[in-house]
Amino acid sequence: MELLPTYDRYHRQIILKGFGEAAQQKLLHSKVLVIGAGGLGCPVLQYLAAAGVGHIGIADDDTVSLSNLQRQPLYSMQHIGQLKVEVARQKLLELNPDISIEIFPFRWQPQHCVEYFPAYDLVVDGSDNFATRYMINDACVLLGKPLVFGAVGQFDGQLGLLNALQTDGSFSCNYRDLFAEQPAENAVANCAQAGVLGVLPAVIGSMMATEVIKWITGIGILPMNKVIVYQALSQEIFSISLQKNTTAAALIPASIENFLAMEYAWACEEPGAKFAISIPAFYELLDSMEVAVIDVRNYDETPVIDGFADRRIPLSLLENHLAELDAEALVFVCQTGVRSLAAASLASKMNPGKSVYSLQGGMEAYCAQRNLNHHE
């Protein structure tokens, strides 16, 4: 057997009953691609690197921001503005120089799945949007790659091992067997809109890393054909059984060529981007005409607007109240600018002659601009 590069590093794993040097060798010779280096990706990457996964790929086009640090402790204040993949590679190699790391500092697209998935043994989906999640799932099905996925929101999280080869030669359920199609626009709020408990991604991410290690080494019972659900407020864990869905299977592209022609981002793109108005332009608009500012966040969302008059009408109720809004111009506001774009698009369709806008960047950008002005 090949000599381990640093026996002491992995000693606590090697001495586990049923693990041994054979399992450690499997880890050292494995290749795992992690898509997303954010809340879920950080703990996955840290624990896979520490465990001795020999080659890790990291895909993410994002840079570190202050709002990341609450749940992404792989990064620090000095990393703000830097590419996450660059920082992650540096930090992980400091943690374990025995491994190799490949980075992909761009937004993941179907062609990247086809080009890079074949070189990896397993794919980990730590993305934060449905378009990427369905794209990764469909590619794994077409290319026969097992997929560990995770998702978090507010106080709950889910994870599972999908499309894994079973003893009878068939593959286990995939993400479309759980949710056949992408949800309707804005039907599910993301973490930027609804918030997330900072420790939750660490819990789910470490559980995802556990399933990766189990799959590579062959230890334990793999959670095939089920989704594990964790609820932080009650500290409860349970699983939901999955079954093959023939209707969902028909939604997966029939070939690589069809997959490459798919437009996965369409259902998750921001509608009506033409309505976006910058914060300086918004203030100019307030001075030039009668403007009704409509906050389309839910009633319990904060922070409360205090710089100008507004009316709170959640997006789900907006259609029933649009006729009441008779100002010269309507400006819709939300947390990040996504729901307000949908609101502006809806208002424009129902009132074609009305001037409608969406505050670009939402309350996050507004509050950031106010803080900046206070420090100048």
Side-chain angles (χ1 to χ4, degrees), residues 34-51 56 58-92 94-95 124-130 132-133 148-160 188-213 227-238 297-304 334-339 361-368 370-371:
V34 179
I35 300 178
L40 292 171
C42 281
V44 170
L45 290 166
Q46 288 172 292
Y47 281 108
L48 293 185
I56 299 174
I58 313 172
D60 200 310
D61 70 333
D62 197 11
T63 57
V64 179
S65 66
L66 182 61
S67 64
N68 296 150
L69 305 186
Q70 166 249 12
R71 66 200 175 281
Q72 300 175 26
L74 189 59
Y75 314 117
S76 304
M77 288 291 293
Q78 67 265 29
H79 299 132
I80 290 176
Q82 298 180 36
L83 280 168
K84 288 183 178 179
V85 292
E86 293 280 8
V87 177
R89 177 171 59 181
Q90 175 189 340
K91 300 287 287 187
L92 296 177
E94 289 174 0
L95 173 65
V124 176
D125 179 9
S127 63
D128 61 359
N129 65 85
F130 284 106
T132 303
R133 196 168 296 163
V148 170
F149 93 97
V152 293
Q154 296 187 319
F155 304 103
D156 303 327
Q158 308 87 40
L159 71 144
V188 181
N190 60 29
C191 290
Q193 298 164 349
V196 62
L197 187 67
V199 299
L200 182 62
V203 174
I204 300 301
S206 61
M207 294 171 74
M208 292 167 67
T210 300
E211 297 309 327
V212 173
I213 293 170
V227 173
I228 301 170
V229 179
Y230 170 75
Q231 297 180 327
L233 293 184
S234 60
Q235 289 286 22
E236 292 182 318
I237 300 177
F238 57 92
R297 295 176 296 169
N298 295 327
Y299 292 117
D300 59 347
E301 290 186 66
T302 58
V304 175
C334 68
Q335 201 76 347
T336 61
V338 175
R339 284 173 288 175
M363 287 302 296
E364 286 191 0
Y366 173 74
C367 291
R370 288 191 65 182
N371 290 337

Min side-chain heavy-atom separation L40-V152 under 4.5 Å: yes
Check the pair L66 / M77 against side chain to side chain contact (heavy atoms under 4.5 Å, CB included), numbers first and verdict last. CA-CA 7 Å; L66 182 61; M77 288 291 293; 3.6 Å; yes
V64 to H79 - nearest heavy-atom pair and separation: CB-O, 3.3 Å
Spacing of M208 atom CE and Y47 atom OH [to the nearest 0.5 Å]: 14.0 Å
In Å, rounded to the nearest 0.5 Å, how long is the span from CD of Q72 to OG of S65? 7.5 Å
Results of side-chain hydrogen bond (donor to acceptor under 3.5 Å, both in side chains) for E94 - residues two or more places apart only: Q90
A51 and I213: which non-hydrogen atoms are nearest, and at how many Å? CB-CD1, 3.7 Å
What distance do L83 atom CG and R89 atom CZ have between them, rounded to the nearest 0.5 Å? 10.0 Å
Nearest non-hydrogen partners of L45 and A37, listed with the distance: CD1-CB, 4.2 Å
Distance alone, cut at 3.5 Å: any donor-acceptor contact between the side chains of Y230 and Q235? yes
CG on D60 to NZ on K84, rounded to 0.5 Å: 5.5 Å
Is there a donor-acceptor pair under 3.5 Å between the side chain of R297 and the backbone N or O of R339? no
Is a side-chain N or O of N298 found less than 3.5 angstrom from the main chain of E301, in a donor-acceptor match? no
For a quick test of reading the model, state the closest non-hydrogen atom pair linking G205 to P43 and the distance between them. CA-CG, 3.7 Å
Nearest-0.5 Å distance that lies between atom CE in M207 and atom CD1 in I237: 4.5 Å
If you look at every heavy atom in N68 and T63, which pair is closest and at what distance? OD1-O, 3.7 Å
Minimum heavy-atom separation for R133 and S127, please, with both atom names. NH2-O, 3.5 Å
How long is the span from the CG atom in L95 to the CD atom in Q46, to the nearest 0.5 Å? 7.5 Å
Check whether any side-chain N or O of Q70 sits under 3.5 Å from a backbone N or O of V196 as a donor-acceptor pair, and report yes or no. yes
Are the side chains of I58 and L92 in touch, meaning some heavy atoms are under 4.5 Å apart? yes
